[in-house]
Amino acid sequence: MKKIIIMAALAAFAAGCGTHGNGEYEQLSDNETKKLVEFGSYITANSDKVTLEQRALLENTEPLVKVLYEGDKEGKIYISWDIPRTIAHAEILKKNPYAAVPRKTINLRGYGKLTKPTDISWSVSFVNQGDIVISKAPPPGTETPLPPAMTPDEMIKLKKL
């Protein structure tokens, strides 16, 4: 019986380690998050895959920011910008916010101690939205065979109808 109580106490203690009693890790302050995003913006803007036009657009676009904590002020950060591909496309959007223009999504991911941006392992990826092809293939096993090829005589008969 003593072993069960000791094991339960150790399990409760281990579950509480690294937290502040409420089950959550210490999060970055708004100022720390802002500095981290600024550092990430700098890394992204200086990538050789970003054009001068896109740098200007990046500076004027508010990114989407998500932080997943795995410890006190430690874990993963995801920063994403969805920008028009060119300034000309941005001008079209100013006139009509619902216009369909080619876009580029820039994703920056980092992992590590979030209070030390230079020590974080950063990864940048770029997606040209117009290059994405979504296939509407039927589920496996439901494919229908293609009809047999028509002969020229059958095609002429079909045209006459």
Side-chain angles (χ1 to χ4, degrees), residues 1-140:
M1 185 67 163
K2 284 184 180 181
K3 285 184 179 180
I4 294 173
I5 293 173
I6 292 172
M7 297 277 282
L10 286 174
F13 176 74
C17 287
T19 64
H20 295 279
N22 59 2
E24 295 182 16
Y25 296 111
E26 185 179 357
Q27 298 184 4
L28 297 171
S29 67
D30 290 341
N31 192 38
E32 289 171 322
T33 303
K34 182 180 175 186
K35 287 182 181 179
L36 196 57
V37 170
E38 286 173 0
F39 186 84
S41 298
Y42 175 79
I43 290 172
T44 305
N46 288 306
S47 170
D48 58 347
K49 293 183 180 179
V50 176
T51 66
L52 289 174
E53 279 188 337
Q54 290 169 341
R55 283 184 192 155
L57 292 168
L58 231 143
E59 291 173 5
N60 296 317
T61 304
E62 192 69 30
L64 169 72
V65 180
K66 292 183 183 179
V67 181
L68 301 171
Y69 293 97
E70 296 178 357
D72 290 338
K73 297 186 179 189
E74 188 174 336
K76 300 173 187 170
I77 185 163
Y78 172 79
I79 306 169
S80 180
W81 295 266
D82 183 32
I83 60 172
R85 283 201 202 166
T86 65
I87 290 179
H89 295 136
E91 293 298 324
I92 292 170
L93 284 176
K94 282 182 184 176
K95 293 176 186 171
N96 181 3
Y98 301 106
V101 298
R103 302 182 77 78
K104 178 174 239 173
T105 300
I106 302 172
N107 300 310
L108 178 67
R109 289 175 298 283
Y111 181 76
K113 190 76 173 160
L114 300 175
T115 54
K116 297 181 181 179
T118 54
D119 293 346
I120 293 175
S121 174
W122 294 101
S123 169
V124 183
S125 64
F126 302 87
V127 179
N128 288 326
Q129 295 300 330
D131 296 345
I132 296 175
V133 177
I134 299 173
S135 173
K136 293 189 177 184

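Only a predicted model underlies this, so the values are computations on that prediction, with no experimental measurement involved. Note that these values count all heavy atoms, side chains included, but never hydrogens, waters or copies made by symmetry.
Considering Leu36, Val37, Thr44, Ile106 in turn, Val37 is the only one that fulfils the side chain to side chain contact (heavy atoms under 4.5 Å, CB included) rule with Ile79.
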Could you walk me through whether Asn128 and Arg85 pass the side chain to side chain contact (heavy atoms under 4.5 Å, CB included) test, one step at a time?
CA-CA 8 Å; Asn128 288 326; Arg85 283 201 202 166; 3.1 Å; yes
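The main-chain N or O of Ala56 is found under 3.5 Å from a side-chain atom of Asn60 such that the two form a donor-acceptor pair. At distances below 3.5 Å, not a single donor-acceptor pair connects side-chain atoms of Tyr25 with backbone N or O atoms of Leu68.
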Identify every side-chain donor-acceptor pair in residues 113-125 under 3.5 Å, counting partners at least two apart or on other chains, and give the distances.
from   : atom 1 : to     : atom 2 : distance (Å)
Lys113 : NZ     : Asp72  : O      : 3.0
Trp122 : NE1    : Pro117 : O      : 3.0

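Considering every non-hydrogen atom in both Ser41 and Trp81, the closest pair reads OG-CZ2, 3.3 Å. Here the closest heavy-atom approach between residue Leu57 and residue Ala90 is recorded as CD2-CB, 3.6 Å. Contact between Val67 and Tyr69 at its shortest, heavy atoms only, is CG1-CZ, 3.4 Å.
Within the 4.5 Å cutoff, side-chain heavy atoms of Tyr78 are placed close to those of Leu64. Put simply, the side chain of Leu108 does not reach to within 4.5 Å of the side chain of Ser80, judged on heavy atoms. Under the 4.5 Å side-chain criterion, counting only non-hydrogen atoms from C-beta, Ile83 is in contact with Gln54. Looking only at side-chain heavy atoms (C-beta outward), Tyr111 and Ile77 stay at 4.5 Å or farther from each other. Val50 is listed as a side-chain neighbour of Phe126, based on a closest heavy-atom distance under 4.5 Å.
In this structure, Asp30 places its CG atom where only 12 or fewer heavy-atom neighbours from other residues, nucleotides or ligands lie under 6.0 Å away.
The NZ atom of Lys73 sits 9.0 Å away from the OG1 atom of Thr33 when rounded to the nearest 0.5 Å. Atom CG of Leu93 and atom CD1 of Ile87 lie 12.5 Å apart (nearest 0.5 Å).
Sorted by first and then second residue, the salt bridge (charged side-chain N to carboxylate O under 4.0 Å, His left out) pairs involving residues 44-71 (not counting sequence neighbours) are Glu70-Lys76.
Remark: Lys94 pairs with Glu91 by the salt bridge (Lys or Arg N to Asp or Glu O under 4.0 Å) rule, at least two apart or across chains.
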